[in-house]
Structure formats: C-alpha cells, structure tokens
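This report concerns only the one structure given below.
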Number of protein chains: 2
Amino acid sequence: MTTVRSILIADDHPIFRRGVRNIIEESPYYVVTAEAGDGQSAIRQLELNRFDAAVLDLAMPDRSGLQVLQWMRDNTPGTACVVLTMYADEGYLKRAFELGANGYLLKDDAHDELIRCLDVVCDGGRYVSPNVGHSRGAVLSPPDGQIDEKLSALTPAQRAVLRLVSEFKTSKEIGRELDISYRTVQNHRANICRALGLDGPNALVEFAVKEKEHL
Amino acid sequence: MTTVRSILIADDHPIFRRGVRNIIEESPYYVVTAEAGDGQSAIRQLELNRFDAAVLDLAMPDRSGLQVLQWMRDNTPGTACVVLTMYADEGYLKRAFELGANGYLLKDDAHDELIRCLDVVCDGGRYVSPNVGHSRGAVLSPPDGQIDEKLSALTPAQRAVLRLVSEFKTSKEIGRELDISYRTVQNHRANICRALGLDGPNALVEFAVKEKEHL
DNA sequence: CACAGTATGAGTACTTGTACTCATATGATC
DNA sequence: GATCATATGAGTACAAGTACTCATACTGTG
C-alpha cells in the first residue's frame with residue numbers, strides 16, 4: 001500500500017459515525033476525511049471531494065443509502081462503496097450489489113471486519129459479511145428488488161398518508177390531521193396498495209412500518 | 001473533581017459502544033472500565049466491579065435496560081445510571097426514572113451532552129436530554145409505567161398470539177398456524193387488549209410491533 | 001383547447017379487528 | 001368435589017381496512 005486512503009462515513013447516528021471513525025483510524029492506511037448524517041449531505045460531500053471509499057448506512061433520512069449508491073455508480077465510479085447495515089437480508093444485499101456496492105457489512109460484525117473489508121474493496125475486490133442471509137427476523141422481501149423505484153413513484157399526498165399509516169393511525173385520524181375526508185384517505189391507501197402491489201388486511205401497515213426509514 | 005471515575009457501557013452494538021467510549025475518554029475525568037453487549041453480562045460486570053456510573057441502552061438482548069435498571073436499584077445503589085436510547089418517549093422516560101435512572105439521553109444528542117450528563121449524575125443530580133417527549137411519532141404511552149409487569153401477566157397462549165400479531169398476521173393466519181379456530185384467536189386478542197389496557201383499531205398491532213423485542 | 005395526472009369526495013361490497021356476551025372442557029388448588 | 005384460571009369455540013354488534021366503481025376540480029403539457 002503506497003498512500004493513505006481517504007474515507008467518507010455516512011450514517012445518521014453521530015455516535016455510530018464516531019465508532020466507525022475510531023475503528024478506521026486505528027489503521028495507519030486510512031483516514032476519515034468527511035462525515036455525513038444523511039443521504040443528501042453524503043452526495044454533497046462526494047461532489048466536493050474525492051474519496052477512495054465510502055461507508056454507507058442504508059437507513060438514513062433525506063435519501064437512503066441505496067439512493068446514494070445509485071448516485072455514486074453514475075457519478076463517482078472510482079470510489080468504492082461499503083454498505084454498513086443492521087439488516088442481514090439477502091434482498092438488501094442483492095439490491096446493494098445491483099446498485100454497485102463493493103462491500104456489505106453487518107454493523108455487529110464491523111468491529112472486527114471493517115478494516116479487512118476496506119482493504120479488499122479498495123483493491124477492487126468485493127466483500128460480504130458472514131451471517132448475511134440467515135437472519136431470524138422475517139425481513140421485508142422486496143419482490144423484485146425495486147422498492148425505491150416504486151416508493152418514488154408515489155405522489156406527495158400518498159407519501160403523507162403513508163407516513164401517518166406507519167404511525168398506526170386510522171384513516172379517520174389521518175383525515176383529521178391532513179384536513180381531508182377520511183374517504184379520500186382510504187382512496188389514497190387503496191391507490192398506494194395498488195402502486196406497491198400490496199394485498200391483504202395488514203399489508204399496508206406492515207409495509208409502512210418496515211419502510212418507515214425510507215419515507 | 002478529585003479522582004477519575006469508572007464507567008460501564010452496556011449496548012448491543014459494538015460500534016456504538018466504541019463511539020460512546022471514545023466520547024467519554026475525551027474527558028480526563030472518566031475512564032471506561034467495562035463494556036457489556038447484553039443485559040445479562042451488564043449485571044455480571046456490575047457484580048464483579050464497582051462503577052461510578054453505567055451508560056445503558058434500553059433495547060438489549062437477554063435482559064432489557066429496564067431490567068438492568070431495576071437490578072441496579074436493588075443491588076448497586078451507589079452507581080449512577082444514564083439511559084442512552086433512541087426513544088424520545090416520555091413513557092420510557094418515566095419508567096426509567098421510576099426504576100432509579102439518574103439520566104436520560106437521546107443517542108442523537110449524546111455526542112454533545114454525554115460528558116455534561118455524566119458530570120451531573122455523578123454529583124448526584126439528574127439530567128434529561130432536551131427533545132424528549134416531542135417526538136413526531138406517536139409512541140406507545142404506558143398508562144402507568146408497568147409494561148413489563150403486564151406483559152408477564154399474559155398467558156402462554158396469549159403470548160403466542162401476540163408474537164404472531166407482531167408479524168402483521170391476521171387472526172385467520174394465526175389460527176391456522178396455531179391450529180385453533182380464528183374465533184379463539186380473536187378472543188385471545190380481545191383478552192390481551194383488556195389485560196394491557198389497549199383500545200382502538202390498531203392498538204394491539206402497534207403494541208405488538210413496538211414491544212416485539214420484549215416478548 | 002384537449003388531455004393526462006393528481007387530489008378530492010362518495011357509493012358499495014366484503015373482510016377484518018374490536019368489544020362484548022355466553023358456553024364448554026381441562027387441569028390445578030383448596 | 002367445588003372453585004378458579006385457562007383455553008377453546010361461538011353469537012352479536014359495530015368500527016375499520018380493502019377493493020372496486022364513479023364523479024368533480026385543479027394543474028400542468030402538448
């Protein structure tokens with residue numbers, strides 16, 4: 001290794017960023033040159049400076065890690081991407097790699113593996129955390145791996161309704177809060193279900209709760 | 001301040017512990033002498049050594065932070081407790097203080113406030129993060145701050161139903177899975193609602209999802 | 001202007017959850 | 001044996017979500 005490599009950390013939890021920074025800077029070959037607390041500012045950092053690698057959380061406000069990944073694939077192909085997430089789900093893994101990720105690391109494993117992962121991806125390789133794909137929790141299975149696309153197809157009104165659905169509010173409560181008829185709310189719910197291919201009594205609530213972070 | 005104070009960190013995410021440790025050890029007056037990844041080992045650490053303060057996450061495997069708090073109140077009254085959590089919910093805050101916590105800090109705020117909080121609680125004071133109680137999400141409000149007690153009052157059959165409810169299953173699906181009539185499932189749901197003081201269309205699902213970890 | 005998309009509101013039918021009541025069977029305890 | 005808690009099943013009534021249909025109004029675009 002000839003030079004020191006610059007790293008961007010994007011995660012919405014400051015303490016978590018600090019933990020990651022601390023791990024990375026234990027190695028003399030890496031230096032964290034920027035941090036971002038949301039997807040938007042991550043992209044801004046990537047526009048301003050060049051990085052050898054970016055460590056991305058998937059669940060971030062403003063723009064999800066997946067959206068940042070997509071942006072990086074199109075704009076900063078020279079920067080390696082490591083996804084650092086809590087979700088040991090193969091669906092997320094697949095989507096991340098489809099969007100150009102070079103590494104996929106579980107937060108619980110990062111303590112021991114982050115440096116090794118960075119070594120691999122900075123040399124052009126790929127690294128996937130062990131334990132991925134064997135999580136006990138039934139994780140949302142993206143039917144065709146295009147949740148974000150479908151989500152972004154929702155109208156603003158639909159998104160507003162969906163946010164309140166994710167807080168377990170009823171159509172009446174949502175209607176009161178948005179100052180529209182509860183029938184309109186039910187229309188929005190139905191349209192969201194159709195747009196997202198959801199079916200069944202609790203499907204919408206389930207989706208809303210699980211994707212709350214990406215709304 | 002005369003001596004260096006010893007701190008225990010309990011959180012299930014290693015990177016997060018590292019971030020917290022890093023923050024704490026920026027101050028020359030504190031040193032992290034132990035870490036724990038779950039409630040059980042936190043209690044073990046507290047049995048083995050004396051600490052001036054403990055920084056506890058609420059959501060941990062094995063035993064929740066609340067259970068650790070309860071244990072500390074009865075066994076290590078000389079050790080100050082700071083709850084470090086993501087939940088800006090007054091219900092949790094109240095329960096934490098009822099169980100003897102001295103501080104309540106949001107993870108997002110900890111970066112700037114942890115040292116000040118430790119200063120306060122180690123001198124016998126109490127510290128509550130700003131922004132607590134104003135979260136946008138309607139968070140579960142424990143009517144009298146005794147969720148654990150009520151939860152343990154549930155019968156095994158009720159708990160089984162509740163677990164499946166937390167997976168967004170319908171009564172019919174639960175009936176099929178447990179091989180009982182869906183009417184029985186609905187009875188269990190109703191009884192759980194009564195036992196827990198829940199009311200409203202989505203109240204049970206909301207409760208089940210939010211307390212999934214403690215089931 | 002015509003058209004498409006969106007937001008809004010309502011009707012109808014069906015399913016599901018909630019909140020009660022009641023009944024039966026089983027197993028433990030006194 | 002009587003009693004109590006639990007589990008099981010069902011009846012009834014109402015509220016809510018789902019899944020359609022239709023209609024009106026506004027806002028852009030071509």
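Lettering follows sequence order; numbering is per chain, from 1.
Under a 3.5 Å cut-off, the side chain of B:Gln45 and the backbone N or O of B:Ala42 do not form any donor-acceptor pair. At distances below 3.5 Å, at least one donor-acceptor pair connects side-chain atoms of A:Gln158 with backbone N or O atoms of A:Thr155. Here the side chain of B:Asn22 pairs no donor or acceptor atom with the backbone of B:Arg18 at under 3.5 angstrom. Side-chain atoms of A:Thr76 do not come within 3.5 Å of backbone N or O of A:Gly78 as any donor-acceptor pair.
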Item to check | Protein-to-nucleotide contact annotation, 5' to 3' order, nucleotides 12-17 of chain C [B base; S sugar-phosphate only; - none; under 4.0 Å, heavy atom] | outcome: B---SB
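The residue B:Asp199 sits close only to the backbone: its heavy atoms come under 4.0 Å of sugar-phosphate atoms, none of a base. Nucleic acid contact class of B:Thr184 (heavy atoms, under 4.0 Å, all strands): base.
Put simply, chain B comes within 4.0 Å of DNA chain D, heavy atom to any atom, from D:dT6 to D:dA16, going 5' to 3'.
Rounded to whole Å, the distance from CG on B:Leu198 to C1' on C:dT18 is 12 Å. Atom pair A:His188:NE2 and C:dG5:P shows a separation of 17 Å (rounding to whole Å applied). Here C:dA4 presents its C1' atom at 15 Å from CG of A:Asn191, a figure rounded to the nearest Å. Atom-to-atom, CZ of A:Phe168 to C1' of C:dT18 comes out at 17 Å; the value is rounded to the nearest Å.
Going from atom CG of A:Leu164 over to atom CD of A:Glu177 covers 5.0 Å, rounded to the nearest 0.5 Å.
Here A:Arg17 does not pair with A:Asp57 in a salt bridge; the nearest charged N to carboxylate O distance is not below 4.0 Å. Using a 4.0 Å cut-off between charged side-chain N and carboxylate O, A:Arg194 and A:Asp199 make no salt bridge.
Closest-nucleotide positions on DNA chain D for A:Ala203 and B:Ala157 were compared, and the one nearer the 5' end corresponds to B:Ala157.
The aromatic rings of A:Phe16 and B:Phe16 lie tilted to each other, with the angle between the two planes from 30° to 60°.
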